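Notes follow the structure.
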Amino acid sequence: MIEQKKRSADMAIVPAGVKRPRTELVAAAQSQQLATMGPPRSSSLQAPIMLLSGHEGEVYCTKFHPNGATLASAGYDRLILLWTVYGDCENFATLKGHSGAVMELHYNTDGSLLFSASTDKTVCVWDSETGERVKRLKGHTSFVNSCFPARRGPQLACTGSDDGTVKLWDIRKKASVHTFQNTYQVLSVTFNDTSDQIISGGIDNDIKVWDLRQNKLIYSMQGHGDSVTGLSLSSEGSYLLSNSMDNSVRVWDIRPFAPKERCVKIFQGNVHNFEKNLLRCSWSADGSKIAAGSADRFVYIWDTTSRRILYKLPGHAGSVNEVAFHPEEPIVLSGSSDKRIYMGEIQ
């Protein structure tokens, strides 16, 4: 009997009698502590990089809610998915209603409404609390590539379409309030800060500024050598960011009495390719950084002042179509043709 007991002690995985020297224990404890700590964290995300997967097709657009607690994403699978930003980043709602790919998403200023432009020729307005579709804006005769809600004042929205028009909508009314005829397809639209001008970009390379009080084109900004796929207004409204298929991102001064040469900065690094996706661009909340989508699978972030590339982030396996900054924390969000969304913290 005793013999057997002894043998089981021999077979034990860790020999019981071996004592570890004390210094070794301390070292092990320290390395364990470092592993749990890792590099210093800069945000409240559960991990430095979070992967959000759930889309069944290319992700074309992704945006943070203005309160920073949730986000929305959409794309080729016609669905708009809502996610929590913190914790496990769960997909808590799916908004269905489009019968074509969703090309662009925007929350209004207070985040109560979500606007979505689609290749089904419509723009939908959703209640971001309940997920209900509140309104469907019909009037375009081809794909709607872009939509943007007014920052303040009455609930206006502008849209740009492959039918060559820019439309202004008052979401309390059924039809569009005004239509501006552009000769070529319009790929991106935005309002100026006071929402009395619509700015559009498209396949004719020029950025056009339409005045809503005079209902006419007031000026164009030339400089890009290829289609303009993304436009973004800085938070204080003085500058416009544009992303173009000429592989440059530019900053334009759109203040009323700016000099005739309005292009103030050119950023390079990101690329477009044969896929001709509508790669978007965005400003950080404080305007110190800009980001842009790129077909080479990297997320590009530049320092606005020095024009230096601060981050060229890998991870995606397809074109990065949109990059967005969190409203309060140093977090970036990217949606890609690989059907995945990454959310990661930056310094």
Side-chain angles (χ1 to χ4, degrees), residues 31-55 59-75 81-93 105-107 111 114 128 230 232 234-235 241 243 249 267 269-270 279-347:
S31 66
Q32 233 171 348
Q33 201 179 351
L34 282 172
T36 50
M37 279 166 54
R41 296 290 306 276
S42 61
S43 78
S44 319
L45 286 181
Q46 187 171 317
I49 299 170
M50 300 294 286
L51 166 64
L52 286 58
S53 51
H55 278 289
V59 179
Y60 294 139
C61 42
T62 175
K63 288 283 190 309
F64 282 110
H65 186 284
N67 68 13
T70 59
L71 66 95
S73 63
L81 301 186
L82 302 183
W83 313 76
T84 54
V85 169
Y86 302 111
D88 289 333
C89 297
E90 58 179 324
N91 166 216
F92 65 90
L105 286 175
H106 281 288
Y107 283 100
L114 179 63
S128 72
S232 177
S234 61
S235 56
L241 190 62
N243 189 356
V249 175
F267 299 81
N270 71 315
L279 307 181
R280 312 297 190 180
C281 50
S282 62
W283 296 87
S284 63
D286 62 359
S288 67
K289 299 179 190 70
I290 62 155
S294 179
D296 64 1
R297 312 195 293 273
F298 288 98
V299 170
Y300 284 84
I301 299 170
W302 293 264
D303 178 286
T304 313
T305 318
S306 69
R307 304 202 294 272
R308 204 163 52 88
I309 295 178
L310 293 175
Y311 297 94
K312 182 182 172 182
L313 306 172
H316 281 295
S319 170
V320 176
N321 299 316
E322 177 151 55
V323 185
F325 289 93
H326 190 276
E328 286 146 14
E329 291 205 88
I331 301 171
V332 287
L333 174 66
S334 57
S336 159
S337 297
D338 63 7
K339 309 179 186 174
R340 292 192 293 199
I341 299 154
Y342 277 113
M343 191 163 48
E345 63 188 29
I346 53 177
Q347 292 304 317

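We count residues from 1, following the sequence as given. Values in this document were obtained by computation on a predicted structure and should not be read as measured data.
- Rounding to the nearest 0.5 Å gives a distance of 5.0 Å between OG1 of T62 and CD1 of I341.
- Closest of all the heavy-atom pairs between R297 and A317 is CD-C, 3.3 Å.
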(message) Under the criterion side-chain contact (heavy atoms from CB on, under 4.5 Å), I'd like the reasoning laid out for L82 against L114: C-alpha separation, chi angles, the key distance, then a yes or no.
(response) CA-CA 11 Å; L82 302 183; L114 179 63; 4.2 Å; yes
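- Side chain of D88 to main chain of E90: no donor-acceptor pair is present (N/O by atom type, distance under 3.5 Å, no hydrogens or angles).
- Counting only distance, with no hydrogens or angles, the side chain of D303 and the backbone of L310 share no donor-acceptor pair below 3.5 Å.
- Counting all heavy atoms, side chain and backbone alike, P66 lies closest to E328 at O-OE2, 4.4 Å.
- S294 OG to L279 CG: the interatomic distance, rounded to the nearest 0.5 Å, is 7.0 Å.
- Judged purely by atom type and a 3.5 angstrom limit, T70 has no side-chain atom pairing as donor or acceptor with the backbone of H65.
- Inspection of the W283 and S235 side chains reveals no N or O donor paired with an N or O acceptor under 3.5 Å.
- M343 places a side-chain heavy atom less than 4.5 Å from the side chain of L71.
- The minimum heavy-atom distance between V320 and F298, with the atom names listed, is CG2-O, 3.6 Å.
- Side chains of E345 and P330 form no contact here, defined as non-hydrogen atoms less than 4.5 Å apart.
- Looking at heavy atoms from C-beta onward, L52 lies out of side-chain contact with N91 at the 4.5 angstrom threshold.
- The two residues E329 and S42 have their closest heavy-atom pair at OE1-O, 4.2 Å.
- The CG atom of N243 sits 10.5 Å away from atom CD of E322, with the distance rounded to the nearest 0.5 Å.
- In this structure, Y342 and V299 have side chains that are not in contact, with every pair of non-hydrogen atoms separated by 4.5 Å or more.
- Ring-plane geometry between W302 and Y300 is classed as parallel, the angle between the planes falling under 30 degrees on a 0 to 90 degree scale with a further cut at 60.
- The side-chain heavy atoms of Q347 and Y311, taken from C-beta on, include a pair separated by under 4.5 Å.
- Summarising the geometry, atom NE2 belonging to H106 is positioned 4.0 Å from atom NZ belonging to K63; distances are rounded to the nearest 0.5 Å.
- For the residue pair M50 and G87, the shortest heavy atom distance occurs at CE-O, 3.5 Å.
- C281 contributes atom SG, which lies 9.0 Å from atom CG of N270 (distance to the nearest 0.5 angstrom).
- Counting non-hydrogen atoms of other residues, nucleotides and ligands closer than 6.0 Å to CG of L51 gives a total above 12.
- The heavy-atom pair separating S44 from Y86 by the smallest distance is O-CD2, 3.4 Å.
- In this structure, NZ on K289 lies 8.0 Å from CD1 on I301, to the nearest 0.5 angstrom.
- In this structure, the side chain of S284 does not engage the main chain of F325 through any donor-acceptor pair within 3.5 Å.
- With H326 as reference, V85 is the one residue of V85, I346, L333 to meet the side-chain contact (heavy atoms from CB on, under 4.5 Å) rule.
- Formation of a donor-acceptor pair under 3.5 Å by the N321 side chain with backbone atoms of V59 is found in this model.
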